[in-house]
Protein chains: 2
Amino acid sequence: MSAVATTDGATTNGATTDGRVLKGNETRRLVLGRAMRIASVEGLAALSLGRLASELELSKSGVFALFGSKEELQLATVRAASRVYHDQVIAPALDRPEGLARLWALAESWLAYSRTRVFPGGCFFYAVGAEFDAQPGRVRDALAEGSRTWHGLIADQLAAARAAGELDADEDVEQLGFEVVAVMEYANALSLLHDDDAPYDRARTALRRLLGAAPTD
Amino acid sequence: MSAVATTDGATTNGATTDGRVLKGNETRRLVLGRAMRIASVEGLAALSLGRLASELELSKSGVFALFGSKEELQLATVRAASRVYHDQVIAPALDRPEGLARLWALAESWLAYSRTRVFPGGCFFYAVGAEFDAQPGRVRDALAEGSRTWHGLIADQLAAARAAGELDADEDVEQLGFEVVAVMEYANALSLLHDDDAPYDRARTALRRLLGAAPTD
DNA sequence: CCTACCGATCGGTAGG
DNA sequence: CCTACCGATCGGTAGG
């Protein structure tokens with residue numbers, strides 16, 4: 001049975017392989033979902049193969065086989081969180097026109113992503129960025145790249161807004177982008193530390209000062 | 001001999017005790033110094049009795065005896081960092097008059113404290129706050145209290161500035177304090193993640209926009 | 001994915 | 001009866 005040749009061995013192998021790959025992909029998603037939530041609260045260092053295995057009723061060696069090393073598990077967790085971030089924060093804003101409209105949409109979806117605790121520890125990248133910002137390596141490199149991408153997206157909207165006359169012509173969009181992200185990140189931090197939603201209103205007030213009033217529609 | 005009574009048994013006991021207590025206090029300071037540096041880079045969870053002991057060439061049980069438990073070691077590390085923060089950031093500003101002068105002094109000493117890496121992982125409270133903000137317990141409680149104290153100090157200076165006419169009478173000092181701290185914290189974060197001092201200039205530029213130009217003296 | 005292990009290290013405690 | 005340790009070891013868990 002195991003050695004039967006068919007005209008579409010690829011399909012047979014594919015079926016077997018597919019079954020395993022699908023199972024593996026499901027398990028992988030299961031593990032990464034738990035890993036993202038743990039890391040947002042306790043940090044990527046708190047991920048351990050044994051803990052994930054026992055919490056998900058898998059074998060430790062099975063979890064290990066999916067990722068190959070602890071660092072690969074951490075990197076896969078960062079990539080999985082990047083996908084969540086894209087889906088929750090970035091994608092919903094992309095149907096708004098470039099400029100202040102899209103920037104406000106990004107800000108509101110970011111604040112909702114933090115406030116509604118898409119991750120139980122708040123923004124995944126705030127938590128994990130603070131953990132790894134002084135620890136050189138592939139995890140920090142991945143986080144730094146994500147930071148550049150996010151800043152670039154913000155600055156692009158500010159540049160489009162300036163080109164459209166929504167901001168003063170002499171506005172420094174990099175400086176403005178720094179301040180925009182700073183108040184959002186700090187709202188996340190204070191909200192978590194003091195278990196309080198008020199900082200999100202502080203962030204919104206600061207954004208209005210920086211950008212002008214939010215679009216009414 | 002062992003039961004000889006003296007007229008100053010207290011002094012004899014005191015001398016012995018003093019010698020041991022001084023030794024213990026020195027060891028304690030040594031351990032806490034290393035613990036603060038480790039925690040600023042890797043987090044309080046990375047502190048272990050065995051690691052501190054081996055790095056400092058002490059016995060693990062000796063380190064344990066100084067603190068009694070890992071949580072007490074973490075709390076003692078937070079208190080030690082609070083003293084460093086007070087000495088490095090707060091105390092140097094207290095000889096300036098209340099209001100914008102003292103606020104600018106606090107901001108400049110804070111930026112220097114972060115930029116010069118008084119702790120190798122940048123601001124201790126940024127790193128450890130992000131680690132524990134979603135982990136209820138005594139460590140988070142201590143960090144939340146420190147956050148309230150720091151915000152209160154900032155808001156007091158802004159209120160004094162407003163009372164002295166240095167700020168508009170209708171300025172919301174809590175809101176302004178939120179924005180002041182946000183840009184400083186984010187400068188720390190970006191500087192560490194991208195190994196770059198430019199974010200400190202971004203923070204200073206933002207502070208000038210929030211507060212007006214820095215005093216020239 | 002499994003059981004069965006390894007070298008090491010974890011927080012914490014024993015008697016001296 | 002105290003402190004500040006020591007060498008050794010407790011029950012468990014880490015990554016692999």
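Numbered from 1 within each chain, the chains take letters A, B, ... in sequence-line order. Bear in mind that the values here come from a model prediction, so they are computed numbers and not experimental data.
Here the shortest heavy-atom pairing between A:L192 and A:P120 reads CD2-O, 4.4 Å.
Side-chain contact check for B:Q135 and B:R140: no donor-acceptor pair (N or O, by modelled atom type) lies under 3.5 Å. When only modelled atom types and interatomic distance are considered, A:R208 and A:T205 share a side-chain donor-acceptor pair under 3.5 Å. Side chains of A:R37 and A:T77: a donor-acceptor N/O pair is absent below 3.5 angstrom, by distance only.
Proximity note for B:R51 (side chain, C-beta onward) versus D:dG16, C:dC10, D:dG15: the nearest is C:dC10. In this structure, the nucleotide among C:dC1, D:dG15, C:dG12 sitting nearest to the side chain of A:T27 is C:dC1. For B:S48, whose side chain is taken as the heavy atoms from C-beta onward, the closest listed nucleotide among C:dC10, D:dG15, C:dT13 is C:dC10. With C:dC1, C:dC10, D:dG16 as the choices, the nucleotide that has an atom nearest any side-chain atom of A:K70 turns out to be D:dG16.
Checking A:E55, A:E57, A:E42 one by one against A:R34, the salt bridge (charged side-chain N to carboxylate O under 4.0 Å, His left out) holds for a single residue, A:E55.
Remark: side-chain polar atoms of A:K70 are not paired, donor with acceptor, to backbone N or O of A:F64 under 3.5 angstrom.
At the heavy-atom level, B:L73 lies nowhere under 4.0 Å from the strands shown.
Nucleotides D:dG12 and C:dA8 have their P atoms positioned 22 Å apart, rounded to a whole Å.
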Dot-bracket encoding of pairs in DNA chain C, which uses [ ] for pseudoknotted crossings and | for another strand, Watson-Crick or G-U under 3.5 angstrom: .....|...||...|.

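One interatomic measurement links the two molecules: CZ of B:F64 to C1' of D:dT9, which rounds to 14 Å at whole-angstrom precision. At whole-Å resolution of the value, CZ in A:F67 and P in C:dC1 are 11 Å apart. Atom-to-atom, CG of B:L49 to P of C:dG12 comes out at 6 Å; the value is rounded to the nearest Å.
Relative orientation of the B:F178 and A:Y186 rings is tilted, given thresholds of 30° and 60° on the angle between their planes. Using cut-offs of 30° and 60° on the angle between ring planes, the pair B:F119 and B:Y113 is perpendicular.
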Report, one pair per line, the protein and nucleotides 3-6 of chain C atoms (nitrogen or oxygen only) whose separation is under 3.5 Å.
from	atom 1	to	atom 2	distance (Å)
C:dT3	O4	A:S61	OG	2.8

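Ion pair B:E174/A:R202 not flagged as a salt bridge, since none of the NZ, NE, NH1 or NH2 atoms sits closer than 4.0 Å to an Asp/Glu carboxylate oxygen.
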